[in-house]
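This structure is a prediction, so every number in the text was calculated from the model and none was measured.
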Amino acid sequence: MRKTILSLIFSALALVTMAGGIVHNTNQSASFIRMPARDASLGLDATYFNPAGMSYLKDGFHISVSNQYITQTRNIKTTYPGLNRSEFEGKVVAPLFPSAYAIYKKGKFAASLAFNPIGGGGGALFEDGLPSFEMVVAGLPPSLNAAGIPTTQYSYETEFEGKSIYYGIQAAASYKINDMISVALGLRYVSMSNSYVGYLKNIQINPTFPGAGFTGTMVSAPTFFTTLSGYLGTVSGQLGATGSALQPIIDGGGGQVPLSSGTLAGLTATQVATLQGTIAALGGDPTNMSIAQAQGFFAGASAQYAGQAAAMTANANATSDKEVDATQSGSGIVPIIGVNLNFERLNIGIKYEHKASVKVKNSTKVDDVGMFPDGAEVPSDMPAMLSVGAAFDATKKLKVSGGFHMYFDKGAEYGKMINGEYVTNDKVMDKNYMEYAIGLEYALNEKWLVSAGYLATRTGVMDIYQTDLSHSLNTNSIGGGLQYMITEKIGVNLGVMNTSYKEGSREFAAVAPRPAYTETYNRKAFTMALGLDLSF
């Protein structure tokens, strides 16, 4: 049995990402939710999506604020035999997902400040745990059955909540070289915070072991293993004492006397029969055994039972109540460069965000599982990211936009572990994560604009990356909404987006004593967004 039941529970972040890479969020404005191809934006959210495009705003001071309400459901199914359930569900809710931009534009120059939840943004609550939680508990009955202790049932109580938020504070400046070309430079400070709170407790089983007083009713697993450890320890002592009692006979020269003829060496017929019967009951063959060999057999049996007693003590510790309350924090700097190319009816935006090498540090209140040593550091990089977008004015009222993002995940490290060691992402990914978007905006009149768009993501992770807590799936999102200009300088953006995920799976090979099984992963997400744009 494993040293700790919860060794897999707290191994991943609870992210609500529905647009962006594995750790990035790109859903950074209400305008994005209503039309997700924003990479060539010349609006106020260009601060994030196309910083070089800020140079094309009107002179003055501009503010854009928005919030998104995001819900996500995670579904995991497993074919692992013997579990009480085969389907597990987690809920993710992010009621506050704010973005704020401030821009000052004068002539050819523009400067901006931005605040975004650049990664994470919510918490995942698994009220019934996950397959990896239950599999170890479910392994108790078969392991006890294999040891000759009939056991058919188990139960436990668990809950786990993981939260993650990466706040980004960005400063950028852009300069229009001429009417066609503008450039931008920026820096983003990223502050990362993860929290893990959960427990696994009240593990119960129904062993039948009359010798220690267990008759098949549900009992506390730690109580059973502690009692069994004491029982086995007593048996070990008795066997050791039996072997030691033969030492005077051996010292007197009777060690080579056949046990069956033990009466010739001073044993009574009853003692000989008892010794032979005990040896046979323990799986030995006393037929041709000498008295010295009998002593060796009892010594070996005593050591074996002592080892089993120690194992039961370890099992009692492993099945005792476990709790974790830990946080992680860290920070990094992301340099940003951008170029905007304007060709009258066609606008092209290009942005490159450099990689931030980050390690988050543990701050641990309770850690019964040994997963979060206080003060230890864990890799948590933000990978480099390239975005390219184009917006084309098909008519005076209709604009067609497209965008492409590549997240250079393979060159980063996300704290993924293989065989207990942190590995770089190229060990668990064969391609970088990519994202594609297309969108339409149509001006009904001077005040009303309607929009819609489609966003697709394509992950590049290998099967070895996928687990019930940390998996990456392809997505398809459809968004739509409207913009209403209250006045020439005050605009409201409203959008909704539905995200569907392509089901993923992983085949787990049999590794004794664990059988082969399959896990499938799926999610769905929905977002509502409201934003306000102000110009002075």
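T499 and T475 are not linked by any side-chain donor-acceptor pair at a separation below 3.5 angstrom, with hydrogens and angles left out of the test. Side-chain atoms of Q28 and D45 form no donor-acceptor pair, as typed in the model, at a separation below 3.5 Å. Between the side chains of Y521 and E519, at least one donor N or O lies within less than 3.5 Å of an accepting N or O. A donor-acceptor contact closer than 3.5 angstrom is absent between the side chains of S505 and T520. No side-chain N or O of N476 forms a donor-acceptor pair with one of S500 less than 3.5 Å apart. Between the side chains of Q466 and R506, no donor-acceptor pair of N or O atoms lies under 3.5 Å. Side-chain polar atoms of E507 and T518 form a donor-acceptor pair below 3.5 angstrom. Side-chain contact, Q204 with N202: a donor N or O sits under 3.5 Å from an acceptor N or O. Under the 3.5 Å distance criterion, with hydrogens and angles disregarded, no donor-acceptor pair is assigned to the side chains of N362 and T364. N340 and N50 are linked by a side-chain donor-acceptor pair at a separation below 3.5 angstrom, with hydrogens and angles left out of the test.
Rounding to the nearest 0.5 Å places CG of N342 at 4.5 Å from CG of N347. For the atom pair L113 CG and I63 CD1, the distance stands at 10.5 Å (nearest 0.5 Å). From I33, atom CD1 reaches atom CG of N498 across 11.5 Å, with rounding to the nearest 0.5 Å. Considering CE of M192 and CG of D381, their distance stands at 7.5 Å, rounded to 0.5 Å. In this structure, NE2 in H62 is found 6.5 Å from CG in L44, a value given to the nearest 0.5 Å. Remark: Y196 OH to S164 OG distance equals 6.5 Å, nearest 0.5 Å.
The closest side-chain heavy-atom distance from D39 to F404 is not below 4.5 Å. Residues I336 and L187 are not in side-chain contact: their nearest non-hydrogen atoms beyond the backbone lie 4.5 Å or more apart. When side chains are defined from C-beta on, M417 does not count as touching V423, because their heavy atoms never get closer than 4.5 Å. Here the side chains of T319 and F225 are in contact, with some heavy-atom distance below 4.5 Å. Two residues are said to be in side-chain contact when any heavy atoms from C-beta on lie closer than 4.5 Å; Y166 and M382 meet this criterion. Looking only at side-chain heavy atoms (C-beta outward), Y156 and V137 come within less than 4.5 Å of each other. Annotation: side chain of P51 is not in contact with side chain of S174 (no heavy-atom distance under 4.5 Å). With a 4.5 Å cut-off on side-chain heavy atoms, F372 and Q328 count as touching.
N116 pairs in a side-chain contact (heavy atoms from CB on, under 4.5 Å) with only one of the listed residues (P98, S29, S99), which is S99. Across Y414, Y352, Y433, a single residue satisfies ring pair (Phe, Tyr, Trp, His ring centres under 6.0 Å) together with Y407, and that is Y433.
A cation-pi arrangement, defined by a distance under 6.0 Å to the six-membered ring centre and an angle within 45 degrees of its axis, is present between K201 and Y199. Cation-pi check for K176 over Y56 is met; the charged atom lies under 6.0 angstrom from the ring centroid and within 45 degrees of its normal. Within the cation-pi definition used here (under 6.0 Å to the ring centroid, within 45° of the axis), K399 does not qualify as a partner of F392.
We find that R85 and E134 are joined by a salt bridge, their nearest charged nitrogen and carboxylate oxygen being less than 4.0 Å apart. With respect to the salt-bridge test (charged N to carboxylate O, under 4.0 angstrom), the residues E353 and K351 qualify. At a threshold of 4.0 Å, the pair R38-E441 counts as salt-bridged, since one of the basic side-chain nitrogens sits closer than that to a carboxylate oxygen.
Checked against a 6.0 Å centroid threshold, the rings of H471 and Y465 do not count as neighbours. Ring centroids of F109 and Y175 are separated by 6.0 Å or more, keeping the two rings apart. A centroid separation of less than 6.0 Å is found between the aromatic rings of F49 and F32. A distance of 6.0 Å or more separates the ring centres of Y48 and Y101. Under the 6.0 Å cut-off for aromatic ring centres, Y69 and F97 do not qualify, their centroids lying 6.0 Å or more apart.
The 12-atom threshold is not exceeded at CG of D179, counting heavy atoms of other residues, nucleotides or ligands nearer than 6.0 Å. Atom OH of Y167 is surrounded by 12 or fewer heavy atoms from other residues, nucleotides or ligands within 6.0 Å. Summarising the local packing, NZ of K361 is surrounded by 12 or fewer heavy atoms from other residues, nucleotides or ligands at distances under 6.0 Å. No more than 12 heavy atoms of other residues, nucleotides or ligands shown are found within 6.0 angstrom of CD1 on I478.
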Check your understanding: Checking side chain to side chain contact (heavy atoms under 4.5 Å, CB included) for the pair N315/N317: CA distance, chi angles, key distance, verdict?
Key -> CA-CA 5 Å; N315 286 350; N317 292 332; over 6 Å; no
Point to revise | Verdict with supporting geometry, S401 and M35, side chain to side chain contact (heavy atoms under 4.5 Å, CB included) | key: CA-CA 9 Å; S401 300; M35 200 287 287; 3.9 Å; yes
Exercise for review: Go through the steps for S132 and D468 under the test side-chain hydrogen bond (donor to acceptor under 3.5 Å, both in side chains), then give the verdict.
Suggested key: CA-CA 7 Å; S132 57; D468 52 7; 2.8 Å; yes
Practice item. Given side-chain hydrogen bond (donor to acceptor under 3.5 Å, both in side chains), test E87 with N75 step by step and report yes or no. Key: CA-CA 7 Å; E87 187 170 352; N75 182 272; 2.6 Å; yes
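Scanning all heavy atoms of the two residues, the minimum distance from I205 to T151 falls at CB-CG2, 4.1 Å. The two residues P383 and V23 have their closest heavy-atom pair at CD-CG2, 3.5 Å.
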